[in-house]
**Student:** 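Structure provided below as structure tokens; questions to follow.
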Amino acid sequence: MAKLLEVKNLRTRFFTQDGVVHAVNGISYSLDEGETLAVVGESGSGKSVGVMSLIRLIPVPPGKIVDGEVWFDGQDLLKLSDDEIRQVRGNRIAMIFQDPMTSLNPVLTIGRQISEALQLHLGMDKEQAYQRSAELLTLVGIPGAAKRLDDYPHQFSGGMRQRVMIAMGLSCNPQLLIADEPTTALDVTIQAQIVELVKKLKHEIGMAIIWITHDLGVVAGMAERVIVMYAGYIVEEAAVHTLYADPRHPYTVGLLGSLPRLDDEQPGRLRSIEGLPPDLIDLPAGCPFYARCTYHIDQCLHENPPLAAVGVGHKAACWVDIRGVLT
Amino acid sequence: MSEDNARRTTANSPEANSAALLRVEGLKMYFPLTAGLLIQRAKGHIKAVDDVSFTIQRGETLGLVGESGCGKSTTGRAILQLYQPTAGEVWFEGNNLVTMKGETLRRQRRRMQMIFQDPYASLNPRMTVGNIVGEPLEVHNIAQGAARRERVMELLKIVGLNPYFINRYPHEFSGGQRQRIGIARALAVNPDFIVLDEPISALDVSIQAQVINLLEDLQTEFGLTYLFIAHDLSVVRHISDRVAVMYLGKIVELTDRHRLYTNPLHPYTQALLSAVPIPDPVIEEKRRRIILEGDVPSPANPPQGCNFCTRCPRVMAVCREQEPVFRDLDAGHFVACWLYE
């Protein structure tokens, strides 16, 4: 498959009153056309900022992308002018966000909001855009789509609003869909609806997806490849089956161990990760996971391990080969 | 009325009651819906909790699961008399809390506590940790002055916080640590029964496990009885002895953990369980999901017959006409569904 996106050494910082927050600390990865990549991490791991930096959707100031390249279809997105990046955003790269309640404009009808992108990016006239909007709403499974175009966001439930967001995202046939925790605010039965919908649409449209989430369960069901982030670093990257069967970073191991599972017949004690993530203003010199890691050696305190290959398409940032010492 | 009574007897068989610490019978919590700007007219009710009955044994954890708006939190609050229930009884060791008032109720409150979902909103930002955890000790005349300080430090140690944090303010703590402060406050009065309202859903995964382990340790150490309210079915399976599933104000299924997860009977429970993702790609590939159509109806205007009839994949004609009775099908496996009549 051809490469769609290549991120090189991306660094994003926030310059705040309390100090410089090192949100993203030199991450590199790539994405093939039509591939689904999950970016997993806890709050403050840099998973959202890292991905939003790709399309420069971070508040400037206080945020700033201080280093890196983002190659998308032969262009470095970080070097584009504001006008040029607007041609890419919402058009060739679409976004859906966590909170379907606040990402729609409450005083505009749904039809107006979907057709806006169609008129702007595809140059449709109003009538064409409304017609296409109705088709899109049907595509995402909203019953009576044509009639609902004149409704306002408050007349839709949370799950339905997220469908509207997806319809907006898909309106310009994007090559890449960025989904930032799109199901976190939804109930589990609605989450299942949305996940199935995105899987189906991806199959039909063939777009690539970056799915940002903290939920390792959702990842298992839909991603092809996974990036695990911690304190602004990528600590592990692997194909989805490899990651769950053979995790190599102690943090990934810890995350999987701390999850209660629905299919756990004899629930024992959860293996929690003790302690807290480091302060991003004052990152330690060595491995950021050092203080919480049960496998650490002296080297970890002084040197931050690079993300290195540990298998085919499998990378981890750890000085220790934990297979030998797994407890 | 006679049918009502019959239902209650089945829902609370005598042997189940022998060691029950808490017995809830026919609990209803309706909130009035009003219209009008100056003169408020009642125009209906939100039936947040609609005729719910269950018991909790001493030392047991009952999980109460359901989606947003199903009435699980309202049930917890109505049990503690934080709301005045519309109807029903809440028996706590032979006392009906619903009929209690004033000082008698306050004395009972000492034995039951609550832990809240949001560790940011549930702690007063202007009070020190010492005052937050110590306040219940003062309110209930348990300890003052140096004794209070000593007890607070002991409580902080119990929940895994440094006792010398006693003079710090909530903003100096992370979400997980704040939840520990909330737990210490609940434990301060040596309660028997704790309602935990989504105690871990605001926390990160690695921190969730720490708090779950702490809650389990405290239960063993102090013989606590929990009502664990959550939407996360994996967490509930982990921590509960028995589980009740709520949908639109009613309990649709209640049984022990093992049977609920291996042999769910109600179509809603089946759909809910199938929707929960399992963190294992090999299993996920093989799973068949029951995808429910549509959304939960409004509790102001629930459908006629069974509440679930608008979304049920196995709906029959009778479901749209008559409400199924919540009854014991098989030695403590309660379900409200016409499929099993």
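All chains are named by letter (A, B, ...) in the order of the sequence lines, taking the proteins before the strands, and each is independently numbered beginning at 1.
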**Student:** What part of B/Ile212 gets within 4.5 angstrom of chain A, counting heavy atoms only: side chain, backbone, both, or neither?
**Tutor:** side chain
**Student:** So, for B/His238 and A/Pro260, which heavy atoms are closest and what is the spacing to 0.1 Å?
**Tutor:** CB-CB, 3.8 Å
**Student:** Considering only heavy atoms, which portion of B/Ile283 lies under 4.5 Å from any heavy atom of chain A: side chain, backbone, both, or neither?
**Tutor:** side chain
**Student:** Between A/Arg269 and B/Asp217, does any side-chain N to carboxylate O distance fall below 4.0 Å?
**Tutor:** yes
**Student:** Do A/Ser258 and B/Gln208 meet the criterion of a side-chain donor-acceptor pair at a distance under 3.5 Å?
**Tutor:** no
**Student:** What are the two closest heavy atoms between A/Leu270 and B/Asn213, and how far apart are they?
**Tutor:** O-ND2, 2.8 Å
**Student:** Looking at every non-hydrogen atom in both residues, tell me the closest pair between B/Ile207 and A/Glu42 and how far apart they are.
**Tutor:** N-OE2, 4.3 Å
**Student:** A/Pro277, A/Gly275, A/Ala223: which one forms the most heavy-atom pairs within less than 4.5 Å of chain B?
**Tutor:** A/Gly275
**Student:** Is the closest side-chain heavy-atom distance between A/Arg261 and B/Ser234 below 4.5 Å?
**Tutor:** no
**Student:** Which heavy atom in B/Glu67 sits nearest to a heavy atom in A/Ile190, and how many Å separate them?
**Tutor:** OE2-N, 4.3 Å
**Student:** Out of B/Pro281, B/Ser274, B/Ala209, which one racks up the most heavy-atom pairs below 4.5 Å with chain A?
**Tutor:** B/Pro281
**Student:** For the interface with chain A, which of B/Asp280, B/Val235, B/Val236, B/Thr262 has the highest count of heavy-atom pairs at distances below 4.5 Å?
**Tutor:** B/Asp280
**Student:** Sort B/Ser68 into side chain, backbone, both or neither according to what part of it lies under 4.5 angstrom from a heavy atom of chain A.
**Tutor:** both
**Student:** Does atom CD of A/Gln155 have more than 12 heavy-atom neighbours, drawn from other residues, nucleotides or ligands, at distances under 6.0 Å?
**Tutor:** yes
**Student:** Looking at chain A, which one of B/Glu216, B/Gln177, B/Glu285 has the largest number of heavy-atom pairs inside 4.5 Å, strictly under?
**Tutor:** B/Glu285
**Student:** Side chain, backbone, both or neither: which part of B/Leu233 has a heavy atom under 4.5 Å from chain A?
**Tutor:** both
**Student:** Measuring from atom CD of A/Glu274 to atom CD of B/Gln210, what distance do you get when rounded to the nearest 0.5 angstrom?
**Tutor:** 5.0 Å
**Student:** Do A/Val188 and B/His231 come close enough that some side-chain heavy atom pair is under 4.5 Å?
**Tutor:** no
**Student:** Do you know the tightest heavy-atom contact between A/Tyr244 and B/Pro279?
**Tutor:** CD2-O, 3.2 Å
**Student:** Against chain B, work out which of A/Leu243, A/Asp263, A/Leu255, A/Val219 has the most heavy-atom pairs shorter than 4.5 Å and name it.
**Tutor:** A/Asp263
**Student:** Would you mind checking which part of A/Gln193 comes under 4.5 Å of any heavy atom in chain B, side chain (CB onward), backbone (N, CA, C, O), both or neither?
**Tutor:** both
**Student:** Per the side-chain contact (heavy atoms from CB on, under 4.5 Å) rule, which among A/Val40, A/Asp215, A/Leu259, A/Leu256 passes with B/Val205?
**Tutor:** A/Leu259
**Student:** Between chain B and each of A/Ile273, A/Thr189, A/Leu216, count heavy-atom pairs under 4.5 Å; write down the option with the most.
**Tutor:** A/Thr189
**Student:** Against chain B, label A/Val240 side chain, backbone, both or neither, depending on which of its atoms sit under 4.5 Å from a heavy atom there.
**Tutor:** both
**Student:** Which atom names give the shortest non-hydrogen contact between B/Ser206 and A/Arg292, and what distance separates them?
**Tutor:** OG-NH2, 3.0 Å
**Student:** If you count heavy-atom pairs under 4.5 Å between each of B/Leu273, B/Ile278, B/Leu292 and chain A, which one has the most?
**Tutor:** B/Ile278
